[in-house]
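Have a look at the structure below, then the notes.
The model shown is predicted, which means the values in this text are computed figures rather than measured ones.
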There are 2 protein chains.
Amino acid sequence: MEPMELRQLRYALAVAETRNFTRAARQCFVAQSALSHQIGSLEKELGVQLFARTSRRVELTPAGEAFLVRARQCVEAAELAVAEAAAAVGEVRGRLKVGIIPTVTAVDIPTVLQHYREQHPQVGVSLHMGASDAMSAQVAAGELDVAFLGLPDSREPQGVEARELTREKLVAVVSPDHPLADQKKVTLRRLADSPFADFPVGSQGRAQSDLAFEAAELEREVAYELMSAELMLRIVSRGLAVALLPAPLARAHPGVRVLSVIDGPRRVEYVAWSRFNPSPATRAFLAALP
Amino acid sequence: MEPMELRQLRYALAVAETRNFTRAARQCFVAQSALSHQIGSLEKELGVQLFARTSRRVELTPAGEAFLVRARQCVEAAELAVAEAAAAVGEVRGRLKVGIIPTVTAVDIPTVLQHYREQHPQVGVSLHMGASDAMSAQVAAGELDVAFLGLPDSREPQGVEARELTREKLVAVVSPDHPLADQKKVTLRRLADSPFADFPVGSQGRAQSDLAFEAAELEREVAYELMSAELMLRIVSRGLAVALLPAPLARAHPGVRVLSVIDGPRRVEYVAWSRFNPSPATRAFLAALP
DNA sequence: TCGCACCGATCGCGCAACACGATAGATCTA
DNA sequence: TAGATCTATCGTGTTGCGCGATCGGTGCGA
């Protein structure tokens with residue numbers, strides 16, 4: 001019996017993705033008969049059914065689930081091997097998965113991506129938004145290549161390599177009608193009387209503010225929870241709530257007043273990447289960051 | 001141009017291992033011409049030389065080094081995929097790399113290995129001796145599947161999953177001629193007058209004792225440093241030094257006196273495995289441990 | 001209920017690529 | 001200089017991969 005080959009893994013992954021032999025074959029640019037035959041001989045060699053197929057539906061067997069996790073790693077490693085070889089002669093190729101929080105301020109993401117793509121047109125970039133915790137876990141698990149994270153200044157990224165990009169104090173944003181609107185400086189104590197818009201409980205964005213109020217032994221009401229800084233600012237401008245946000249985001253938004261907070265929380269922004277063997281595309285991205 | 005296949009990676013790995021096309025071909029059970037051709041077409045597709053060959057010597061180019069790291073991961077993932085598929089129908093196959101410190105007491109390694117092999121004859125087992133720190137790093141890096149570790153009771157394994165096997169107090173061993181030989185109990189204070197045999201500086205085995213002497217604010221002389229408990233006991237029996245060791249090891253050795261140490265250090269023995277996707281062979285090993 | 005659309009398995013055929021053995025060419029050794 | 005060693009290359013045979021066509025089974029709609 002012939003040993004397993006990458007082609008069979010690629011076909012099997014396509015079937016798992018589409019749950020359909022015919023579409024999988026199209027995706028692999030081969031005839032359905034060829035793909036069927038390869039899957040069949042793969043299953044014969046393994047001695048296990050990977051797919052349970054009725055003529056109407058294709059599903060993964062438990063064996064198929066377990067097998068394809070490794071098969072995916074295998075194919076990814078093969079792509080990375082090609083990318084490494086190309087990188088050794090100065091050509092950066094491959095794909096790059098970037099995670100960003102909704103409050104990146106240290107760098108202008110579109111500019112960074114534009115420069116990166118100009119320097120390395122052979123790299124396909126995909127962007128993903130998310131929370132710092134989820135994304136640093138994804139980086140550690142290899143599901144993201146790099147991620148921009150924001151943490152309270154008392155914390156550090158866990159389980160990943162990281163570089164500090166900026167360290168800044170959050171500012172308060174209030175609507176022009178707010179009683180504090182004409183102040184230049186406020187304290188948490190005075191802000192705590194108003195309802196807040198903030199990030200969802202559990203996110204590091206929320207922790208940035210929560211920790212400060214805890215340290216000051218103050219209670220506050222969070223009336224709105226959302227992951228979007230943009231929406232948060234619009235809610236503030238309507239006078240529905242106040243918020244603590246990074247200064248660059250706050251100042252870029254019209255229709256709100258920005259107040260410095262004397263005992264306000266500090267946050268740190270990091271760029272994080274995997275501890276183990278970042279891909280050439282990842283190394284190039286980190287090198288291209290200011 | 002054809003896409004890369006596992007066959008080419010297997011051949012390339014064999015060449016990297018043997019540094020010789022002819023021997024690599026034998027290892028792969030193909031003719032040398034076939035292997036040469038595959039390597040050639042692989043290099044052509046990558047657009048990079050992987051091997052610098054004179055007709056006398058074969059060496060890896062930098063591109064080859066980088067490429068083969070990933071290629072190795074790729075074929076290992078392929079093997080694991082096969083093992084996972086087999087495991088899904090109850091057959092445990094594959095290879096298992098076990099790391100052990102020289103002072104395992106919680107389990108009898110030969111017995112464990114014997115039972116494991118009887119239950120899972122399809123698994124090839126390889127044993128490696130080493131220090132706790134080095135081996136837990138190897139487990140984290142995927143170079144070992146499981147490792148038995150010994151740590152001071154104030155520490156825990158880092159970067160790996162681990163299960164505590166036993167927690168015990170170290171005993172003192174002295175030669176029958178030693179002034180303390182007839183005591184049943186001693187203190188660190190009284191032991192500290194004698195020269196010690198102990199594990200090398202930096203190892204966790206050494207840390208077990210060092211921490212205890214530091215806590216007691218005592219100085220001692222370590223006259224002999226070695227990684228073998230067996231040798232350590234022979235040195236002790238000759239009267240050249242005293243030592244602190246796990247009780248089961250000490251009692252198993254003739255020609256030494258074993259003393260309990262009132263303020264003696266405690267150690268914990270763990271079995272550790274990788275955080276990420278242990279192989280079927282690894283899962284079976286952990287399940288087979290008492 | 002019948003026909004039709006959909007889907008995977010199978011078969012026969014043509015071709016590409018893989019492996020083999022032999023040999024050429026290069027390099028180091030005695 | 002002869003020989004040993006090692007990789008590249010060439011010509012040849014075979015295998016297995018992909019293709020198109022077709023079959024058989026299933027669910028849906030008229």
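Summarising the geometry, the separation between CZ on Arg57(B) and C1' on dA26(C) is reported as 14 Å, rounded to the nearest angstrom. Between Gln49(A) atom CD and dG8(C) atom C1' there is a gap of 12 Å when expressed in whole angstrom units. Ile39(B) places its CD1 atom 16 Å from the C1' atom of dT9(D), with the value rounded to the nearest Å. Whole-Å rounding puts the Glu5(B) CD to dG16(D) P distance at 14 Å. If you measure from atom CG of Leu42(A) to atom P of dA9(C), you get 13 Å, rounded to the nearest angstrom. Taking atom CZ of residue Phe21(B) and atom C1' of nucleotide dT9(D), one finds them 14 Å apart after rounding to whole Å. When the P atom of dT7(D) is taken as reference, atom CG of Leu50(B) falls 15 Å away, rounded to whole Å.
With sequence neighbours left out, Glu79(B) forms a salt bridge (Lys or Arg N to Asp or Glu O under 4.0 Å) with Arg95(B). Shown here are the ring-ring contact (aromatic ring centres under 6.0 Å, His included) partners of His37(A), two or more places apart in sequence or in another chain: there are none. Not a single salt bridge (Lys or Arg N to Asp or Glu O under 4.0 Å) links Glu65(B) to another residue, sequence neighbours left out. Residues forming a salt bridge (Lys or Arg N to Asp or Glu O under 4.0 Å) with Arg10(A) (at least two apart in sequence, or on another chain): Glu5(B). The side-chain contact (heavy atoms from CB on, under 4.5 Å) check on Ala16(A) picks up Phe51(A), Leu60(A), Leu68(A), with sequence neighbours excluded. Annotation: salt bridge (Lys or Arg N to Asp or Glu O under 4.0 Å) contacts of Glu59(A) (sequence neighbours excluded): Arg57(A). Remark: Gln27(B) engages Ala14(B), Glu17(B), Thr18(B) in a side-chain contact (heavy atoms from CB on, under 4.5 Å) (not counting sequence neighbours).
For the segment residues 23-36 of chain B, residues with any heavy atom less than 4.0 angstrom from an atom of DNA chain C are, sorted by number, Phe29(B), Val30(B), Ala31(B), Ser33(B), Ala34(B). Of the residues in residues 8-16 of chain A, none has a non-hydrogen atom less than 4.0 angstrom from any atom of DNA chain C.
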Solution key, residues 136-149 of chain A side-chain donor-acceptor pairs under 3.5 Å, sequence neighbours excluded:
| unit_1 | atom_1 | unit_2 | atom_2 | d |
| --- | --- | --- | --- | --- |
| Ser136(A) | OG | Asp133(A) | O | 3.3 |
| Asp145(A) | OD2 | Lys97(A) | N | 2.7 |

Give every donor-acceptor pair under 3.5 Å between a side-chain atom in residues 275-286 of chain B and any protein atom, sequence neighbours left out.
| unit_1 | atom_1 | unit_2 | atom_2 | d |
| --- | --- | --- | --- | --- |
| Ser279(B) | OG | Thr282(B) | N | 3.2 |
| Ser279(B) | OG | Thr282(B) | OG1 | 2.8 |
| Arg283(B) | NH1 | Glu84(B) | OE2 | 3.2 |
| Arg283(B) | NH1 | Pro278(B) | O | 3.0 |
| Arg283(B) | NH2 | Glu84(B) | OE1 | 3.2 |

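Contact annotation: Arg53(B) side-chain N/O to dC6(D) OP1/OP2 distance is not under 4.0 Å. Between Asn20(B) and the phosphate of dT5(D), there is no side-chain N or O to OP1/OP2 separation shorter than 4.0 Å.
Each of Val112(B), Thr111(B), Val107(B) was scored for a side-chain contact (heavy atoms from CB on, under 4.5 Å) with Ile109(B), with one residue passing: Val107(B).
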So which protein N/O to nucleotides 12-17 of chain C N/O distances come out below 3.5 Å?
| unit_1 | atom_1 | unit_2 | atom_2 | d |
| --- | --- | --- | --- | --- |
| dA17(C) | OP1 | Glu2(B) | OE2 | 2.6 |

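Annotation: side chain of Val30(B) is in contact with side chain of Tyr11(B) (closest heavy-atom distance under 4.5 Å).
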